[in-house]
Peer 1: 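Input: one structure, supplied below.
Ligands are counted one by one from 1 in listed order, and the atoms in each one are counted from 1 as well. These numbers were taken from a predicted model, which means no experiment stands behind them.
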Amino acid sequence: MLGVLGGGQLGRMFTIAAHQMGYQVTVLDPDLDSPAGRIADQFIHADYTDAAALRQMREQCAAITTEFENIPAETLALLAKTCPVSPDAQSVAIAQNRIAEKQYLQSNGFSVAPFAVIDDIEKTHHVQDLFPGILKVSQFGYDGKGQRQIGDHSGLVAAFQELGAVPCVLEKKLPLSCELSIVLARSANGGMESFPAIENQHVNGILDISIVPARIDATIAQCADAMARRLADALNYQGVLCVEFFVVQNDQLLINEIAPRPHNSGHFSIDACVTSQFEQQVRTLCNLPLGNVALHQPCVMVNLLGDIWREKTPDWTRILAQPSAKLHLYGKKEARAGRKMGHFTVMDETAEKALANALRIRKSLTT
Ligand code: ADP
Ligand code: MG
């Protein structure tokens with residue numbers, strides 16, 4: 001019996017991978033109707049700090065992982081007293097707080113976007129150089145939520161209040177030549193496998209499309225891969241880790257943020273790789289050998305957000321009619337704007353062909 005904290009789509013895809021390998025799964029989530037909870041062997045409906053629920057997890061699970069970085073790090077530390085837990089509380093604590101994350105990255109020699117910690121708004125007269133910038137809450141932001149574009153100091157003051165006057169980081173808004181991610185799996189003994197570099201396109205701060213392999217110079221891809229591996233080593237990380245990069249002018253690579261779990265940009269691996277990011281999560285959690293992550297074919301993953309539901313469910317035959325396209329739906333009942341409802345992956349001889357086909361399919365869903 002494996003345990004997973006969080007019942008979203010990432011937990012659901014972890015559960016499917018674990019089932020495929022013969023494991024049972026216990027899911028804990030505060031939401032009564034969660035995508036993973038629905039297919040779990042056992043569902044514990046409780047808060048992430050509920051002592052009785054955590055005791056039950058410790059007693060019945062052989063190992064526990066997380067699908068969500070906002071699990072209190074103390075919860076992971078408590079579970080780890082009597083049960084193998086990966087990733088560890090310390091890595092999650094860094095990834096769940098933008099201030100800790102940026103400071104950790106900087107102090108370990110990784111480049112990040114110019115930033116300042118915004119804590120006391122009265123002491124922010126030194127941040128002019130960061131305008132135009134993006135103010136981001138340090139905790140609990142995702143899919144572009146908890147962020148505001150900032151043009152000047154009065155805008156900063158207003159946005160800080162609007163975001164609840166909680167600790168934030170202000171980042172300089174950079175002209176991006178592209179965004180990349182590296183998803184890797186690292187075992188307890190330090191062995192690592194990383195997927196090919198992924199090219200990511202975001203719309204309104206939400207991942208829209210991932211293209212694999214990324215259409216970039218091989219040396220940039222190698223450099224991103226080496227940075228992600230060095231970071232995983234520095235964290236002594238066990239599990240699946242995603243490192244998001246900005247590529248800025250002169251092909252300089254900056255680390256945007258990290259996710260201590262499988263990542264939306266790695267979903268292509270389910271259909272296009274020998275071993276998926278979720279199977280790697282099972283393997284690292286259970287101290288099993290890592291799988292081969294070779295790509296069968298170039299591919300493109302397109303997110304399906306609630307926006308396209310409108311009056312009725314989209315006509316999925318538009319996707320399924322393409323033999324090399326694979327549809328994944330997460331079983332969420334309510335389609336809301338900006339909510340990740342599913343995705344599809346299209347494979348082809350080249351990334352360009354896959355992209356053209358994916359865009360055509362996506363367009364046909366709404367026309
Ligand atoms: P989230 O946790 O919501 O993914 P990110 O910090 O990754 O937050 O921001 C979401 C997206 O917003 C990024 O992938 C990028 O497209 C854009 N973005 C964020 N920070 C910057 C920046 N400093 N300069 C330019 N674009 C940015
Ligand atoms: Mg991000």
Peer 1: Which atoms of ligand 1 have any heavy atom of Glu244 under 4.0 Å away?
Peer 2: 7 (O)
Peer 1: Minimum heavy-atom separation for Gln96 to Gln139, with atom names?
Peer 2: O-CG, 3.5 Å
Peer 1: Is the side chain of Gln281 donor-acceptor paired with the backbone N or O of Val240 at a distance under 3.5 Å, no angle test?
Peer 2: no
Peer 1: Which one of Arg362, Glu199, Met301 satisfies the side-chain contact (heavy atoms from CB on, under 4.5 Å) criterion with Ile209?
Peer 2: Arg362
Peer 1: Closest non-hydrogen protein atom to atom 26 (N) of ligand 1, residue and atom name please, with distance?
Peer 2: Leu176 CD1, 3.7 Å
Peer 1: May I ask you to check whether Gln60 and Gln42 show a side-chain donor-acceptor distance below 3.5 Å?
Peer 2: yes
Peer 1: Would you tell me which option among Cys178, Gly205, Pro132, Ser181 has the nearest heavy-atom contact to atom 12 (O) of ligand 1?
Peer 2: Gly205
Peer 1: Nearest 0.5 Å, please: how far is CG in Leu54 from CD in Glu74?
Peer 2: 11.0 Å
Peer 1: Closest by any non-hydrogen atom to atom 15 (C) of ligand 1: pick that one out of Lys173, Glu179, His202.
Peer 2: Glu179
Peer 1: Please list the nearest protein heavy atom to atom 21 (C) of ligand 1 with its residue and the distance rounded to 0.1 Å.
Peer 2: Ile134 CD1, 3.4 Å
Peer 1: Going by a strict under-4.0 Å cutoff (protein heavy atoms only), does atom 17 (C) of ligand 1 have a neighbour on the protein?
Peer 2: no
Peer 1: Which is closest to atom 2 (O) of ligand 1 by heavy-atom distance: Arg98, Gln147, Lys145?
Peer 2: Arg98
Peer 1: What part of Leu207, side chain, backbone, both or neither, has a heavy atom within less than 4.0 angstrom of ligand 1?
Peer 2: neither
Peer 1: Counting each atom of ligand 1 from 1 as listed, which ones have a heavy atom of Asp143 under 4.0 Å away?
Peer 2: 1 (P), 3 (O)
Peer 1: May I ask you to identify the nearest protein heavy atom to atom 4 (O) of ligand 1, giving residue, atom name and distance to one decimal place in Å?
Peer 2: Glu257 OE2, 2.9 Å
Peer 1: Is the NZ atom of Lys326 crowded by more than 12 outside heavy atoms at less than 6.0 Å?
Peer 2: no
Peer 1: Tyr142 heavy atoms, cut-off 4.0 Å: which ligand 1 atoms fall inside?
Peer 2: 2 (O), 3 (O)
Peer 1: Could you tell me if the side chain of Thr366 sits less than 4.5 Å from the side chain of Pro314, heavy atoms only?
Peer 2: no
Peer 1: Just jot down the ligand 1 atoms closer than 4.0 angstrom to any heavy atom of Lys136, in number order.
Peer 2: 5 (P), 6 (O), 19 (C), 20 (N)
Peer 1: Would Arg230 and Phe110 count as a cation-pi pair here, with the cationic atom under 6.0 angstrom from the ring centre and within 45° of the axis?
Peer 2: yes
Peer 1: What do you reckon, does Gly144 have a nitrogen or oxygen under 3.5 Å from a nitrogen or oxygen of ligand 1?
Peer 2: yes
Peer 1: Nearest heavy atom to atom 25 (C) of ligand 1: which of Val137, Leu174, Asn256 does it belong to?
Peer 2: Leu174
Peer 1: Short list, please: which atoms of ligand 1 are under 4.0 Å from a heavy atom of Lys172?
Peer 2: 22 (C), 23 (N), 24 (N)
Peer 1: Rounded to 10°, how many degrees is the angle OE1/Glu244-the Mg ion (ligand 2)-OE2/Glu257?
Peer 2: 100°
Peer 1: Any side-chain to backbone donor/acceptor pair from Ser86 onto Gly239? Under 3.5 Å, distance only.
Peer 2: no
Peer 1: For the rings on Phe278 and His267, is their centre-to-centre separation under 6.0 Å?
Peer 2: yes
